[in-house]
Enquirer: 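Just passing along the structure, written as structure tokens.
Quick caveat, the model's predicted, so the values are computed rather than measured. Proteins get letters first, then strands, A, B, ... in listed order; numbering begins at 1 in each.
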Protein chains: 2
Amino acid sequence: MTDHRPLTRNQALVLETLTACEEPLSAYAILDRLRGEGFRAPLQVYRALDKLLQTGLVHRLDSLKAFVACAHPHEHGGEATVAFAICENCARVWEFSDSTIEDRFEAWAKAENFLTRATTIEISGLCAACREAGAPGEPGQPGERGA
Amino acid sequence: MTDHRPLTRNQALVLETLTACEEPLSAYAILDRLRGEGFRAPLQVYRALDKLLQTGLVHRLDSLKAFVACAHPHEHGGEATVAFAICENCARVWEFSDSTIEDRFEAWAKAENFLTRATTIEISGLCAACREAGAPGEPGQPGERGA
DNA sequence: AACTCCGATGTTATATCATTACACTAATTG
DNA sequence: CAATTAGTGTAATGATATAACATCGGAGTT
Ligand SMILES: [Zn+2]
Ligand SMILES: [Zn+2]
Ligand SMILES: [Zn+2]
Ligand SMILES: [Zn+2]
């Protein structure tokens with residue numbers, strides 16, 4: 001199923017950009033950072049992202065409309081359900097999974113005869129560092145997304 | 001916190017539109033359905049939605065970029081974490097909550113000292129009816145979203 | 001009534017996110 | 001070689017969401 005051919009130049013550049021960045025980046029923010037490498041159009045980014053999403057090297061955060069490199073020690077091929085905690089202040093992301101949570105979702109699906117294909121879990125809030133440093137709105141370090 | 005003043009005309013119209021529809025609707029789909037009532041611009045819809053989202057009468061499904069009326073028997077004011085199961089074939093949505101799941105998220109947050117503000121859970125797949133009727137991709141009844 | 005405040009409204013323009021369409025290149029394979 | 005497949009470059013377009021500004025109307029005061 002997982003195709004795993006080596007990454008192309010565009011795919012590698014997009015992945016490097018995301019890996020080098022602590023925060024999620026929008027597709028257009030990635031584009032801007034890769035103009036020096038010859039990127040000119042959104043599609044070049046979106047197409048690379050499509051592939052990286054398929055292979056699990058990158059995740060899309062629906063609540064931010066942005067993308068992050070997978071930073072989780074787990075193997076994503078195993079299709080484990082992953083949750084993302086996103087700090088609204090510094091924009092950092094934590095990936096974690098919990099087998100009990102997975103079990104409960106499976107139980108619900110079984111009871112309802114629902115065939116699960118994908119599960120999206122995103123938690124927004126304040127990370128430990130930002131709780132101490134600043135306040136729930138006061139930017140400690142704003143952590144600008146985008147350009 | 002919850003303001004609960006009576007709904008304005010625009011808010012009521014948007015809510016009625018969503019309630020009358022079995023599927024989630026995009027803001028622009030709502031706009032199209034309300035042109036007969038005098039709606040002309042996206043902002044009229046988005047502003048009404050903002051209020052309805054605040055009061056919990058409507059939910060936004062990030063994975064669909066669409067909105068649904070709250071159909072859950074629960075009281076949303078209680079801030080219970082709700083999960084949405086979305087059929088990719090017929091677009092119908094099921095809302096449910098599970099205290100064990102909530103407990104596990106709380107446990108993670110406590111361990112990480114993360115202050116949770118909102119939790120988004122969306123499960124995509126095939127509902128029981130569509131599993132029997134059709135196939136995992138073959139449209140039994142496509143269930144067109146949007147216009 | 002006149003004044004003020006505040007939430008809602010109407011309208012135009014703009015920003016942001018994502019895809020369609022088409023022509024082309026490179027590697028693979030029979 | 002021809003056929004297939006994935007990837008690429010470019011322009012145009014579509015879909016989703018917000019900014020900015022003027023106005024309106026009710027509630028509470030004076
Ligand atoms: Zn991951
Ligand atoms: Zn933080
Ligand atoms: Zn609800
Ligand atoms: Zn269905």
Enquirer: Does the side-chain ring of B:Tyr28 lie flat on the base of D:dT16, meaning centres under 5.5 Å and planes less than 30 degrees apart?
Expert: yes
Enquirer: Below 4.0 angstrom from OP1 or OP2 of C:dC17, is there any side-chain N or O of B:Lys65?
Expert: no
Enquirer: Using a cut-off of 4.0 Å on non-hydrogen atoms, how would the nucleic acid contact of A:Arg47 be classed: base, sugar-phosphate, or nothing?
Expert: base
Enquirer: Specify the separation, in whole Å, of atom NZ of A:Lys51 and atom P of D:dT8.
Expert: 9 Å
Enquirer: Does a side-chain N or O of A:Thr8 approach OP1 or OP2 of D:dG7 to a distance below 4.0 Å, or not?
Expert: no
Enquirer: Of all heavy-atom pairs between A:Glu95 and A:Ala69, which one has the smallest distance, and what is that distance?
Expert: OE1-O, 4.5 Å
Enquirer: Measuring from the side chain of A:Pro42 (C-beta onward, heavy atoms only), which nucleotide among D:dT16, D:dT8, C:dT19 has the closest atom?
Expert: C:dT19
Enquirer: Consider the side chain of B:Gln11, meaning its heavy atoms from C-beta on, and name the nucleotide among D:dG9, D:dT16, C:dT9 that approaches it most closely.
Expert: C:dT9
Enquirer: Check the phosphate of D:dT10 against A:Arg40, side-chain N and O only, distance under 4.0 Å to OP1 or OP2. Yes or no?
Expert: yes
Enquirer: From C-beta outward on B:Asn10, which listed nucleotide comes closest to its side chain: C:dG10, D:dA17, C:dT19?
Expert: C:dG10
Enquirer: More than 12 non-hydrogen atoms from neighbouring residues, nucleotides or ligands closer than 6.0 Å to CD on B:Glu22, yes or no?
Expert: no
Enquirer: Whether A:Gln44 contacts D:dT8 is assessed here as follows: a side-chain N or O lying under 4.0 Å from the phosphate OP1 or OP2. Is that the case?
Expert: no
Enquirer: Choose from C:dT12, D:dT10, D:dT16 the nucleotide whose nearest atom is closest to any side-chain atom of A:Leu43.
Expert: D:dT10
